[in-house]
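Convention: sequence-line order gives letters A, B, ...; per-chain numbering from 1.
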Number of protein chains: 2
Amino acid sequence: MNKKYTIKDIAEIAGVSKGTVDRVLHKRGKVSKTALEKVNTVLDRIDYRPNLIARNLKNTKIFNICVLLPDPKIDIYWEGCIDGINDAIEEFISFNIAVKTYFFNPTNTNSFIENNEEILKTSPDAVLIAPLFYKEAVEIVKNYNALGIISVTFNNYLKSNVIKSFVGQDLFQSGKVAGRLLEILVKKGLIAILHIDEDYENAIYVQEKEKGFRAYFNQVNNTNYTIKTCSLQHPNFKRSFYEFIEAHPNLAGIFVTTSKAFQVAEITSKLDKKIALVGYDLLKSNLNYLKSFDIDFLIHQNPKRQAYLGVVHLIEYFIFDKEIPTKKLLPIDIINSENANNYI
Amino acid sequence: MNKKYTIKDIAEIAGVSKGTVDRVLHKRGKVSKTALEKVNTVLDRIDYRPNLIARNLKNTKIFNICVLLPDPKIDIYWEGCIDGINDAIEEFISFNIAVKTYFFNPTNTNSFIENNEEILKTSPDAVLIAPLFYKEAVEIVKNYNALGIISVTFNNYLKSNVIKSFVGQDLFQSGKVAGRLLEILVKKGLIAILHIDEDYENAIYVQEKEKGFRAYFNQVNNTNYTIKTCSLQHPNFKRSFYEFIEAHPNLAGIFVTTSKAFQVAEITSKLDKKIALVGYDLLKSNLNYLKSFDIDFLIHQNPKRQAYLGVVHLIEYFIFDKEIPTKKLLPIDIINSENANNYI
DNA sequence: TTAAAAAATGTGTTCGAACACATTTTTGAT
DNA sequence: ATCAAAAATGTGTTCGAACACATTTTTTAA
């Protein structure tokens with residue numbers, strides 16, 4: 001382990017006071033050219049790293065981080081985020097960090113906007129935000145930037161040059177993962193890409209998954225398959241899905257692009273032929289069908305870890321002056337009946 | 001955020017000096033019953049948590065952690081551990097932690113023992129150890145315990161009541177994961193469990209994988225398969241494997257229990273029929289065959305994260321008085337051609 | 001009762017970075 | 001040359017926990 005230098009050491013070596021060293025390090029106050037050169041000569045020679053422990057003890061400013069995400073009571077997918085956020089809080093409990101979580105109704109843009117107003121009242125230093133509503137989110141982060149508030153997004157990618165960072169999964173690539181899985185599950189026939197309860201035209205993230213899925217089959221140039229997109233909505237989901245099945249007797253596999261594979265499995269599990277099924281997310285109802293082999297694989301988006309990393313990145317930025325990665329992509333976890341328990 | 005109390009606050013509320021509060025907190029020196037009660041009454045009322053930042057600034061003892069693992073130059077599987085260890089070091093760079101890594105030759109118990117002697121000379125506070133040599137490792141950790149040195153194992157489980165913790169993968173369960181994967185890959189026929197270059201009688205870890213694999217098929221009671229164990233060694237590996245293939249024309253799938261699936265793929269990729277293949281570990285040579293679909297899945301043991309967690313657990317124990325989990329099992333990551341890049 | 005020893009308490013210092021403010025030096029104007 | 005202002009430097013303090021050591025109080029023995 002290299003010797004750890006202190007400001008006092010540098011002052012002694014350079015022949016100046018610790019006040020002058022401090023002023024050089026922080027470009028603060030006034031320093032003569034002579035003193036500046038003396039100190040910089042020493043700094044060039046040694047690997048000085050400030051004692052971050054000491055720094056944080058002295059600094060009493062509390063950094064205020066807000067998290068804005070959909071209400072897990074309305075969409076259970078987001079439940080793990082709470083744990084992820086709390087893990088981050090606990091890990092940095094000794095540092096001056098305040099983290100506050102706000103939930104918006106994922107079916108109501110007004111809720112999104114109102115919660116944002118509440119957040120602004122707290123004068124946050126940074127906001128971690130799941131930008132479900134694209135248009136509104138773009139305006140919000142622009143406003144943050146104007147106010148000097150750092151914004152980081154997670155789960156849903158938002159193209160914007162004022163966002164500091166994105167934490168999430170490469171959805172295009174996850175579509176390719178699903179493609180490979182379905183290729184193994186099904187030797188030939190029709191594979192449906194199923195969007196459930198999504199406004200397909202506006203849901204960029206399901207489009208990305210579909211693109212990746214199709215790209216996989218283009219890439220391997222496998223002509224044994226027909227791929228068909230199908231977009232179904234509640235409350236007619238069941239009836240529409242039955243009609244789709246009857247209209248496509250060579251249906252062999254289904255790729256569900258949202259968390260709702262369990263709704264498909266509920267129906268396919270009762271058919272007298274096996275239809276392969278790949279979906280997303282470790283909801284309890286999905287897991288039940290995974291364990292009974294009615295769902296073959298799930299792709300884990302790990303919202304808990306997304307939220308955790310989003311908060312940790314911000315904390316480390318404030319506390320340790322650590323660079324925030326522009327984009328942090330999570331692994332694309334493939335889940336089967338036998339490894340599911342390791343991920344929940 | 002709750003108010004953070006200091007020792008000074010407690011002293012004021014209790015009507016004693018901060019020295020007395022310190023003595024109560026640390027059961028140090030002498031404290032009268034009266035003062036003890038006064039302070040404890042306050043402590044019962046508030047959630048006092050010491051400022052760990054301040055504590056670590058004052059404490060100048062350097063905790064000495066050693067890591068003993070196989071030489072990645074000899075077995076590349078362990079290469080990621082270096083990065084994992086360095087990540088942990090970097091993350092706690094501001095704390096008084098010294099981490100030193102020692103490599104032993106994984107084919108030579110003397111090397112293991114000699115490195116252990118070197119470690120003992122440094123009077124470590126803790127050792128993270130990959131106990132490849134079961135018998136020798138048991139003696140070593142007993143000695144550590146007698147010397148008050150904390151030992152944590154990773155990757156290979158070692159049954160011992162003096163080891164503080166194990167970080168690794170549930171190998172039995174990983175065998176079940178492989179079972180489910182092979183069940184999907186192959187509808188019927190012979191599946192071989194292949195141990196390559198392992199002294200099967202002594203290699204508990206490949207036995208565990210096999211047990212898990214067989215347990216999966218017992219559990220689903222699927223009679224479409226015959227499962228056969230095969231143990232092959234270099235330098236006759238190729239010849240023996242060809243003989244095995246010719247002796248078993250209905251061979252449909254292979255489960256390789258070690259990192260050496262690439263050696264199998266080298267041969268199966270040239271056959272005029274497809275044999276499904278599931279192996280372990282993201283060695284470059286395995287990844288190449290995964291990308292060309294000659295290996296269908298790999299199970300990632302994530303040695304990097306094992307080493308990282310092992311070191312982090314020790315650091316947090318020393319620095320934050322954090323409990324070390326007795327056993328920390330990593331997720332059993334299923335890797336296909338499309339998500340591999342996310343894990344390397 | 002008194003003095004010495006033991007018990008108990010209180011005060012000051014340390015860790016290292018950040019920074020306020022006191023003090024010294026330099027510069028510019030008269 | 002002198003004085004005032006600006007530039008520059010140095011010293012002290014703060015953050016909170018741990019702990020050494022000075023000081024006070026209580027107990028014990030004669």
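Across B/Ile46 and B/Ile10, no two heavy atoms sit closer than the pair CD1-CG1, 3.7 Å. The two residues B/Phe95 and A/Lys4 have their closest heavy-atom pair at O-NZ, 3.3 Å.
Relative to the axis of its first five pairs, the axis of the last five pairs of the helix from C/dT1-D/dA30 to C/dT30-D/dA1 sits at 60°, rounded to 10 degrees.
A straight line from CD1 of B/Ile319 to P of D/dA17 spans 16 Å, rounded to a whole angstrom. As rounded to whole Å, 18 Å separates atom P of C/dC15 from atom CG of B/Asn51. One atom, CZ of A/Arg49, and another, C1' of C/dG16, lie 16 Å apart when rounded to the nearest Å. Atom P of nucleotide D/dT11 and atom CD1 of A/Ile7 are separated by 16 Å, given to the nearest angstrom.
Between A/Tyr5 and C/dA17, a side-chain N or O to OP1/OP2 separation shorter than 4.0 Å is absent.
For A/Thr6 and A/Asp9, the side-chain atoms include at least one donor-acceptor pair closer than 3.5 Å. Using modelled atom types, one finds no donor on one side chain facing an acceptor on the other under 3.5 Å when comparing B/Tyr5 with B/Asn51.
Within a heavy-atom distance below 4.0 Å of DNA chain D, the residues of residues 11-18 of chain A found are A/Val16, A/Ser17, A/Lys18. Residues from residues 52-61 of chain B lying near DNA chain C, meaning a heavy-atom separation below 4.0 Å, are B/Leu57, B/Lys58 in numerical order. Near DNA chain C, meaning a heavy atom under 4.0 Å from it, residues 21-46 of chain A has A/Asp22, A/His26, A/Arg28 in order of number.
The number of heavy atoms from other shown groups lying within 6.0 Å of CZ (A/Phe63) is above 12. Taking a 6.0 Å sphere around CD1 of A/Ile113, one finds it holds more than 12 heavy atoms contributed by other residues, nucleotides or ligands.
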All N/O donor-acceptor pairs, side-chain side in residues 117-131 of chain B, below 3.5 Å, sequence neighbours left out:
from: B/Glu118; atom 1: OE2; to: B/Lys121; atom 2: NZ; distance (Å): 3.1
from: B/Thr122; atom 1: OG1; to: B/Ile119; atom 2: O; distance (Å): 2.7
from: B/Asp125; atom 1: OD1; to: B/Lys61; atom 2: NZ; distance (Å): 3.3
from: B/Asp125; atom 1: OD2; to: B/Asn64; atom 2: N; distance (Å): 2.8

Side-chain donor-acceptor contacts of residues 145-163 of chain B below 3.5 Å, not counting sequence neighbours, with atom names and distances?
from: B/Asn155; atom 1: OD1; to: B/Tyr77; atom 2: OH; distance (Å): 2.5
from: B/Asn155; atom 1: OD1; to: B/Gln306; atom 2: NE2; distance (Å): 3.3
from: B/Ser160; atom 1: OG; to: B/Val162; atom 2: N; distance (Å): 3.2

Let me have the donor-acceptor pairs involving side chains of residues 87-94 of chain A, under 3.5 Å, with sequence neighbours excluded, atom names and distances please.
from: A/Glu90; atom 1: OE2; to: B/Arg49; atom 2: NH2; distance (Å): 3.1
from: A/Glu91; atom 1: OE1; to: A/Tyr308; atom 2: OH; distance (Å): 2.6
from: A/Glu91; atom 1: OE2; to: A/Tyr308; atom 2: OH; distance (Å): 3.4

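Residues in residues 305-325 of chain A take part in these salt bridge (charged side-chain N to carboxylate O under 4.0 Å, His left out) pairs, two or more places apart or across chains: A/Arg55-A/Asp321, A/Glu316-A/Lys322. Pairs of residues two or more places apart, or lying in two chains, that qualify as salt bridge (charged side-chain N to carboxylate O under 4.0 Å, His left out) and include a residue from residues 20-32 of chain A are A/Asp22-A/Arg28.
Scanning for side chain to side chain donor-acceptor pair (under 3.5 Å) contacts around B/Asn86 gives an empty result, with sequence neighbours left out. Residues passing the ring pair (Phe, Tyr, Trp, His ring centres under 6.0 Å) test with B/Tyr48, sequence neighbours excluded: none.
A side-chain donor-acceptor contact under 3.5 Å links A/Ser111 to the backbone of A/Asn105.
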Going 5' to 3' through nucleotides 24-29 of chain C and flagging B where a protein heavy-atom sits under 4.0 Å of the base, S where only the sugar-phosphate is that close, and - otherwise, we get ------

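Here the options are B/Ile7, B/Leu36, B/Val31, the test is side chain to side chain contact (heavy atoms under 4.5 Å, CB included), and the partner is B/Thr20; only B/Val31 passes.
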